[in-house]
Amino acid sequence: MLAQRQMRHKPHETVHFTAALDMIADISGAIVIADALHTVADHAHYLYRRGVFGLFPVKENRPTLFAQLDALDWDETTNPGITVHRTEEANSGRHEIRIVRVQPLAEDQVRFPHATQALLVERYTTGRGDGKTHADAQLGITTAPAGTADTAALARCVRGQWAIEAQHFVRDVTFGEDSSRARTGSLPRALATFRSLAISLAHLAHLAGWTNNAAAHDHYRNHPADALRELGLTHRGG
């Protein structure tokens, strides 16, 4: 967690996009990923000014842009400009295939500033308990040129986006943020900070060799000095 801002209402989330990134001194050369709410021209312009690239999902909330991307030729047998990255993995009885197709965009081919490449992400999952194969697809757009982010790199970014979304479940459900009754003063922001620290600690636990989050949390709850040490903080007994 590099930065966070308090926001009163979710519809105002886009206001905090640039403000939160302004809190980070140097992000030049990075690829910033965000959800579909932030697929707006102003954000693309902001990232361009800071020397940063954006990767944005495109959904029906941007109907014109969605239609432009959906109308592209996504068949690699008829469009030689398409590159494909495919991964397949099985974990705990769940089998998943991910296919990412990327094609370059000509200037003014779509109405989105600084757009360089378009993406089509397909995911096929079995093992959800019903024995069926579930499929979903998502269109996307990036301002990163192919020389900076090839298909494999963009596929990793997409996977990273899903990992971030999973953290929202941890915050909202595991740590009870949605059911929190803290509403006034600085308490909501303080609790959000502590939750962020706990999530960061879970990532550090994996680096330290823990493979089970629940076991790691139990350990750090019973040995808070170890948690402080992992976070780079000091502990003084009293």
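Keep in mind that what you see is a predicted model, and the values were worked out from it rather than measured. The first residue in the sequence is number 1, and the count goes up from there.
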Nearest non-hydrogen partners of [X] and [Y], listed with the distance:
| X | Y | answer |
| --- | --- | --- |
| T87 | H85 | CG2-NE2, 3.4 Å |
| S28 | D26 | OG-OD1, 2.8 Å |
| Y124 | I99 | CE1-CD1, 4.2 Å |
| A149 | I31 | CB-CD1, 3.7 Å |
| L69 | W74 | O-NE1, 2.9 Å |
| A155 | V100 | CB-CG2, 3.8 Å |

**Request:** State which residues pass side chain to side chain contact (heavy atoms under 4.5 Å, CB included) with H95; sequence neighbours excluded, sorted by chain then number.
**Result:**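 By the side chain to side chain contact (heavy atoms under 4.5 Å, CB included) rule, H95 matches E88, A90, I97, T126.
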**Message:** If the condition is side chain to side chain contact (heavy atoms under 4.5 Å, CB included), which residues does D42 pass it with, not counting sequence neighbours?
**Reply:**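 With neighbours one apart ignored, the set is empty.
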**Request:** List for me each residue that meets side-chain hydrogen bond (donor to acceptor under 3.5 Å, both in side chains) alongside T116, sequence neighbours excluded, and say none if there are none.
**Result:**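 Partners of T116 under the side-chain hydrogen bond (donor to acceptor under 3.5 Å, both in side chains) test: none.
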**Prompt:** In chain order, what residues pass the side-chain hydrogen bond (donor to acceptor under 3.5 Å, both in side chains) check against N222, with sequence neighbours excluded?
**Reply:**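 Residues passing side-chain hydrogen bond (donor to acceptor under 3.5 Å, both in side chains) with N222: none at all.
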**Prompt:** Which distance, rounded to the nearest 0.5 Å, do you find between the CG of L37 and the NE2 of H43?
**Reply:**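 Answer rounded to 0.5 Å: 7.0 Å.
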Using residues 101-112 as the side-chain source, report each donor-acceptor pair under 3.5 Å to any protein atom, sequence neighbours left out, with the distance given to one decimal.
| unit_1 | atom_1 | unit_2 | atom_2 | d |
| --- | --- | --- | --- | --- |
| R101 | NE | E76 | OE1 | 2.9 |
| R101 | NH1 | E122 | OE1 | 2.3 |
| Q103 | OE1 | N79 | ND2 | 3.2 |
| Q103 | NE2 | D73 | O | 3.1 |
| Q109 | OE1 | A106 | N | 2.7 |

**Request:** For the residue pair F17 and F56, categorise the inter-ring angle as parallel (less than 30°), tilted (30 to 60°) or perpendicular (more than 60°).
**Result:**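 Taking F56 first and then F17, their aromatic rings sit tilted (interplane angle of 30° to 60°).
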Any side-chain heavy-atom pair from [X] and [Y] closer than 4.5 angstrom?
| X | Y | result |
| --- | --- | --- |
| L21 | L47 | yes |
| E89 | R94 | no |
| L119 | Q138 | no |
| T148 | F53 | yes |
| T39 | F66 | no |

**Request:** Enumerate the residue pairs fulfilling side chain to side chain donor-acceptor pair (under 3.5 Å) with a member in residues 53-66, sequence neighbours excluded, ordered by first and then second residue.
**Result:**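 Listed by first then second residue: nothing to list.
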Distance-only, no hydrogens or angles: does the [X] side chain make a donor-acceptor pair with backbone N or O of [Y] under 3.5 Å?
| X | Y | answer |
| --- | --- | --- |
| T133 | T125 | no |
| T151 | V84 | no |
| T142 | Q117 | no |

**Prompt:** Would you call R159 and E96 a salt bridge, using N to O less than 4.0 angstrom?
**Reply:**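 Judged by the 4.0 Å cut-off on N to carboxylate O distance, R159 and E96 do not form a salt bridge.
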**Message:** Pair L139, L65 - check side chain to side chain contact (heavy atoms under 4.5 Å, CB included), show working.
**Reply:** CA-CA 10 Å; L139 292 165; L65 182 58; over 6 Å; no
**Prompt:** In the single-linkage hydrophobic clustering (I, L, V, M, F, W, Y; side-chain heavy atoms under 4.5 Å), do V32 and Y48 co-cluster?
**Reply:**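 No, because V32 and Y48 fall into different hydrophobic clusters, even though each may have its own neighbours under 4.5 Å.
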